[in-house]
Amino acid sequence: MTPVTRPAPLDDIDLSDIEFWSRPSAERHAAFARLRAQPAPVFFTEPDLGPIPSGPGYYALVRHADVVEASRNPQVFASEPSAVSIPDMPEGFGEFFGSMINVDDPRHARLRRIVSRGFTPRMLARLEDDVQRQAERIVAELEQTGPCDFVAHAAARLPLVVICEMMGIPERHHRMVFENSNIVLAGHDRDYLGDDIDTALGRLLTAGSELAGLLSELAAERRAHPTNDLTSALVNANIDGESLTDAELGSFFVLLAVAGNETTRNAISHGLKLLTLHPEQRDLWWSDFEAHAATAVEEIIRHASPVVWMRRTVTRDHEMNGHHYRAGDKAVLYYASANRDEAVFDDPHRFDITRTPNPHLGFGGPGPHFCLGAHLARREITVMFRELHRRLPTIHSTGKPERLVSNFVNGIKAMPCSF
Ligand code: HEM
């Protein structure tokens, strides 16, 4: 008799258990490979979070094809009530965290139209000079400092200063933006959130309200005295007569402070770690920086997948890739797994700075929520590595990265470097 091949049991994989996310990266990726090999998306239950209702559980979408198709069908796979948390957000959170990433059309289209003013080719061209200037300054200071924590002294600094300058936030507030954005994206990390869920929820709300409050003060100033920053463009109506309310501006800034800050920081830190672990890839890139820059940056984003997932909620009964979803089901789109899907990427765990094509989903799948800052992020990562290559070509990490405890962000809190 021919033996029946059964998929390996999955009892040891619980994506809802934070312990899973503390395992080494190779173990997590091996688990995702087993989930991808299942005939249907695997269902996970939600843990009891005390004050937050625990919710009905969710399907893990781990294959590239599923993530792409769900992303391009927002009528069925909706971003409301929340794309960024698996449990529905507790009451009171919508005020600061109810940004465009968590809403669908027509509200999403209106918000995206308005905030896109900040991402026009003209705005981006102006920002690019800023990115260059700041990267030069940061790498020059890093050289002065000598061996140190790469995250604090380099990776975290560039995205923060770029977002703050873009919005017109005075330098004296940059530290507060940094600290509060760390809290908002702290995942399950006790260093930022304290030891229990009530403390964590309190800290999250305070961080959101401080960021929104800062923008509300700035908005009042820019309404009276507009400048050429993005805040001025967002709060003053343009020819279409559209502008953001104070509440919309506040939650947009909370989104920018985290979406544009932590993500890019982690991509840069992972980039240095990957180049250290794969010196032959570094030698290749350094041998002709410009020739390899575009593909190297995409490969860093694919391999690191700084944003691990986004959630969708199914609006009506629907069949997708052979699986039947019911209205109300939650689906979690695991970009980190789609980016290692062997059906799409040859030798998916290999870090290959020349990989082409590289249809990774690190910035999201094709759809209305595709990362608004993708161009800016690519630019920041490129410029940072160009400066490192130019001034500190021997830079490398000298110890294990200290990882953020989170299932949502593939974060590095600290990582020693030398050159
Ligand atoms: C390597 C860096 C980055 C990564 C990996 C990343 C990843 C993502 C992902 C996965 C999404 C969700 C896509 C979806 O739901 O389909 C997203 C949305 C978004 N990102 Fe990024 N991002 C990065 C950098 C940035 C930067 C620099 C900015 C802004 C300055 C930014 C602003 C946004 C915004 C505003 C959204 C929401 C778009 C919407 O809902 O329409 N991101 N990003």
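The structure presented is a predicted model; accordingly, all values stated were derived computationally and were not measured. For ligands, and for the atoms within them, numbers begin at 1 and follow the listed sequence.
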Is it the side chain (CB and beyond), the backbone, both or neither of Pro368 that lies under 4.0 Å from ligand 1, heavy atoms counted? backbone
Between Phe408 and Trp309, does the ring centre distance come in under 6.0 Å? yes
Ion pair Glu136/Arg386, N-O distance below 4.0 Å: no
Is any side-chain N of the basic residue among Glu242 and Arg113 closer than 4.0 Å to the acidic one's carboxylate O? yes
Closer than 4.0 angstrom: is that true for some heavy atom of Arg312 and an atom of ligand 1? yes
Can a non-hydrogen atom of His108 be found less than 4.0 Å from any atom of ligand 1? yes
In this structure, does ligand 1 have an atom that sits under 4.0 Å from one of the heavy atoms of Gly362? yes
Met100: numbered ligand 1 atoms lying under 4.0 Å from its heavy atoms: 39 (C), 40 (O), 41 (O)
Would you please say whether a donor-acceptor pair under 3.5 Å links the side chains of Glu387 and Gln132? yes
Residues 79-87 side chain polar contacts: donor-acceptor under 3.5 Å, at least two apart:
unit_1	atom_1	unit_2	atom_2	d
Ser79	OG	His369	NE2	3.2
Glu80	OE2	Asp104	N	3.0
Ser82	OG	Val84	N	3.3
Ser82	OG	Ser85	N	3.1
Ser82	OG	Ser85	OG	3.1
Ser85	OG	Pro87	O	2.8

In the protein, N/O/S atoms that are found under 2.8 Å from atom 21 (Fe) of ligand 1, waters not counted: Cys371 SG
Minimum non-hydrogen distance to atom 12 (C) of ligand 1, winning option of Arg265, Met310, Arg112: Met310
For His389 together with Trp286, are the ring centres under 6.0 Å from each other? yes
Heavy-atom pair of closest approach, residues Phe363 and Ile301: CZ-CD1, 3.4 Å
Tyr325-Tyr59 aromatic ring centre distance below 6.0 Å: yes
